Structures are given as structure tokens and as C-alpha cells.
Amino acid sequence: MSHEANILITGATGSIGQELTKYLSSKGVRFRAMVRSLEKSQQLAALPGAQLVEGDFEDARSLEKALAGIERVFLLTNSSERAEQQQSRLVEVARRSGVSHIVKLSQWAADIHSPVRFLRYHAVVEQKIEDSGMAYTFLRPNLFMQGLIGFRESIVEHNQFFGAVGDAKVSLVDTRDIAAVAGEVLIGTGHENRIYNLTGPEALSHQQMALKLSEAVGREIQFVDVPSDVLLNMLLSAGFPLWQAEGLVEDYAHYKAGEAAEVSYDIRSITGREASDFSVFAEDYKNFFRD
């Protein structure tokens, strides 16, 4: 590797970004991480191989600075009403800056005609990357196992978590596996112009997830199925912005329709090891869900 990093990681302080930067660092790979604040990213700055640059998806000039000399980009933003515009801006600046390959974190079943707003915006950005002429790899993970962390308070205090999904099964995936795939794609070859569907090794209902989590933490935890309108009000009460809360309800309707139960083996083919199952996640995170 050259002394200067030629890989840029966006979303570097988020759950997947943090795992990805640790993965690259453990492989001895130099990378540049785009952050909103250098002062608030000291832990990331301490990683061997990390170079930090301040950047803002709303500021094209800061993106130009972040992308200078970069060949490969990992593209990830917060899931917000601005995500499509922010990601599209980075794609355009990356094209002008001579970036050769964008690895985009997308979502399972991304489709420009989907009733799910998240799946629509991901598909729009995927199309813009394809049209740009840069090489692309789209990573389309299913529901994150770590999404349960958002229910930590209700699990700790009431031994419950909620969803509007019925008994539909979902092949949910560990974010650490997503990061490993992203890392291998960024440092490897042969992944150009490919789409990878990332799932765990099995499809589970939320009731089955509750059983496995109960076994790991040593007490009974229940999944409570609720109507979509109740879930929306719960998300709003928990502080989710309306756009994102409505999008999550749409996501659950997509799961409930049985559209996210398929199991893919792309994680195994890229990393050389099996995708983590939910029992491993539950064991690794059990203390997080204890009093």
C-alpha cells in the first residue's frame, strides 16, 4: 500500500462505519475517514492506518477536499430525508474527482418502484452511480440484527420489543459481517459492477428472535406484534423524525409480506466464512440487554 490512503470511508462514525474502519485497520490498510468533527473523532483517529478529514455531505467543496487522490469510496449516510440528495452529491463530486470505484451500502430489495421509501432512494442512487461510468459494488443487506439495540430500554425495563411484522420470517444480518464484506470489496479485486445480497444464514420470525435472546440473557423476553399505526406512534414517541418513522413502518410491511426471507450466501463467498447467526449476536450482546 502507498503511504497515502486511496480509500475514503464515509459514515465512518456510525455502527457499520466503525466496524469497517476497525476491519481495515486490522488488515494493515491505510484509509481516509470523512467525519463531521475531528475533535469528536479521536477514537477513530487513534486507529492504525486512519487519516481523518472533515467533510459534510451538504458541502460540495468539503467533499472535493475529502476525495482528493481517492480511488475507492465506501458510501454511507444517515437514513434521512436528505439521504438521496447527499449521496447523489457525493457521486457527482467523486466522478469529477477521478474516483474509480464506489462501494455503496444499499438495502435488500432496493427498487425504484418499491412502496418503501428507503428502497426507492437507494435504487435512485444506485442508478446514478451506474450512469456515472465509475465501477460500482452495491451491498444490499437485510434487516440488521443490531437494530434490536434500538429496543434496549423496553427490553431491559419491560422484557419486550415491538414490531408490525406478524410471524413473517426475515433473514436478518449482523452488521459486523456487512463491514467485513465492505472491507474485502474495498481491498480486493473482481467485485466491480456487482450486487451482493447480504443476509444471515437463516430466516427467523421475531418470535424466534425473542426466544434466542431470552436464552442468551437468561430471562424471558417477548416480541409483541402491533398494528402499523401503533408502531408509528411508538417510533414518534421515541424521537424518530416523521420521515424515518414512516419509512420504518413501510419496511415492516415489506417484511410482513414475506419479501425478506430469502437466504443469500454472498457473505460466505466474499469473506470465506459463514455469516453469523442470531444466536452469536445474542450471546455477544447479552450484557447490553441486561439490567
Side-chain angles (χ1 to χ4, degrees), residues 11-23 25-26 40-44 46-47 76 78-79 141-181 198-227 230-241 244-245 248-249 251-252 255-256 260-261 263 267 271 273-291:
T13 57
S15 57
I16 291 173
Q18 287 183 45
E19 294 293 341
L20 174 56
T21 56
K22 287 191 290 186
Y23 188 88
S25 180
S26 74
K40 295 178 181 177
S41 307
Q42 292 307 304
Q43 188 174 357
L44 177 55
L47 277 179
L76 169 61
N78 287 335
S79 181
N142 210 339
L143 176 65
F144 299 166
M145 294 180 187
Q146 281 78 358
L148 262 183
I149 290 171
F151 291 100
R152 178 179 183 268
E153 187 176 341
S154 67
I155 290 172
V156 169
E157 295 183 6
H158 306 293
N159 299 315
Q160 292 178 330
F161 64 100
F162 304 87
V165 68
D167 58 3
K169 292 187 175 182
V170 183
S171 54
L172 65 171
V173 63
D174 194 308
T175 57
R176 295 170 294 186
D177 286 339
I178 300 169
V181 168
L198 308 182
T199 76
E202 60 183 341
L204 297 173
S205 69
H206 278 56
Q207 290 86 349
Q208 289 172 314
M209 290 161 53
L211 281 172
K212 289 176 181 285
L213 191 59
S214 300
E215 289 171 11
V217 300
R219 68 179 194 277
E220 185 180 357
I221 294 163
Q222 292 185 323
F223 168 68
V224 181
D225 192 51
V226 295
V230 173
L231 179 62
L232 178 63
N233 288 330
M234 292 173 75
L235 292 167
L236 294 173
S237 297
F240 283 85
Q244 193 174 12
L248 288 168
V249 170
D251 253 346
Y252 272 105
Y255 302 141
K256 189 171 185 175
V263 172
I267 288 173
T271 66
R273 57 178 175 76
E274 297 295 334
S276 296
D277 65 36
F278 189 81
S279 295
V280 172
F281 161 80
E283 183 64 27
D284 289 349
Y285 285 79
K286 63 185 178 185
N287 290 332
F288 193 81
F289 296 109
R290 286 176 170 162
D291 296 339

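All values derive from a computational prediction rather than experimental measurement.
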Taking C-beta and beyond as the side chain, do V224 and F161 meet within less than 4.5 Å on heavy atoms? no
Give, for atom CG of L235 and atom CD of Q244, the distance between the pair rounded to the nearest 0.5 Å. 8.5 Å
Closest non-hydrogen atom pair, V165 against K256: O-CG, 3.5 Å
Kindly indicate whether the side chain of D177, heavy atoms from C-beta on, has any atom under 4.5 Å from the side chain of T271. no
Looking only at side chains, do T175 and Q146 share a donor and an acceptor under 3.5 Å apart? yes
Do side-chain atoms of S214 reach the backbone of I221 as a donor and acceptor pair under 3.5 angstrom? yes
Interatomic distance, L76 atom CG to S15 atom OG [nearest 0.5 angstrom]: 8.0 Å
More than 12 heavy atoms from other groups under 6.0 Å of CG on D167: no
Under the side chain to side chain contact (heavy atoms under 4.5 Å, CB included) criterion, do T199 and L172 qualify, and how do the steps go? CA-CA 6 Å; T199 76; L172 65 171; over 6 Å; no
Would you say the side-chain atoms of N142 and S171 include a donor-acceptor pair closer than 3.5 Å? yes
Ignoring hydrogens, what is the shortest heavy-atom contact between Y252 and A164? Give both atom names and the distance. CB-O, 3.5 Å
Within the distance-only criterion (no hydrogens, no angle test), does the side chain of R290 pair as donor or acceptor with the backbone N or O of V156 below 3.5 angstrom? no
So CE of M234 and OG of S154: to nearest 0.5 Å the spacing works out to 6.5 Å
Heavy atoms only: give me the nearest E19-A179 pair and the separation to one decimal. CB-CB, 3.5 Å
Kindly compute the distance separating CG (L248) from CZ (F240), expressed to the nearest 0.5 Å. 6.0 Å
Salt-bridge present (K212, D277; N to O < 4.0 Å): no
Spacing of R176 atom CZ and M145 atom CE [to the nearest 0.5 Å]: 8.5 Å
Under 3.5 Å: donor-acceptor pair, side chain of S25, backbone of T21: no
For G166 versus F223, what's the shortest heavy-atom pair and its separation? O-CE2, 4.0 Å
Near D284 CG, under 6.0 Å, is it more than 12 heavy atoms from other residues, nucleotides or ligands? yes
Would you call P201 and V263 a side-chain contact if the rule is heavy atoms closer than 4.5 Å? no
CD (E153) with more than 12 external heavy atoms under 6.0 Å: no
Would you confirm whether S205, through its side chain, and Q208, through its main-chain N or O, come within 3.5 Å as a donor-acceptor pair? yes
Closest non-hydrogen atom pair between I155 and R219, with its separation: O-NH2, 2.9 Å
Looking only at the aromatic ring of each residue, does the gap between the centers of Y285 and F289 stay below 6.0 angstrom? no
Step through the shown structure and confirm whether more than 12 heavy atoms of other residues, nucleotides or ligands are within 6.0 Å of CD on Q43. no
Between V173 and L143, is a side chain to side chain contact (heavy atoms under 4.5 Å, CB included) present by the stated rule, with each step listed? CA-CA 6 Å; V173 63; L143 176 65; over 6 Å; no
Nearest non-hydrogen partners of A180 and R273, listed with the distance: CB-NH2, 3.6 Å
Donor-acceptor pair, D174 side chain versus F281 backbone, under 3.5 Å? no
Calculate, to the nearest 0.5 Å, the distance between atoms CD1 and CD1 belonging to I16 and I178 respectively. 4.0 Å
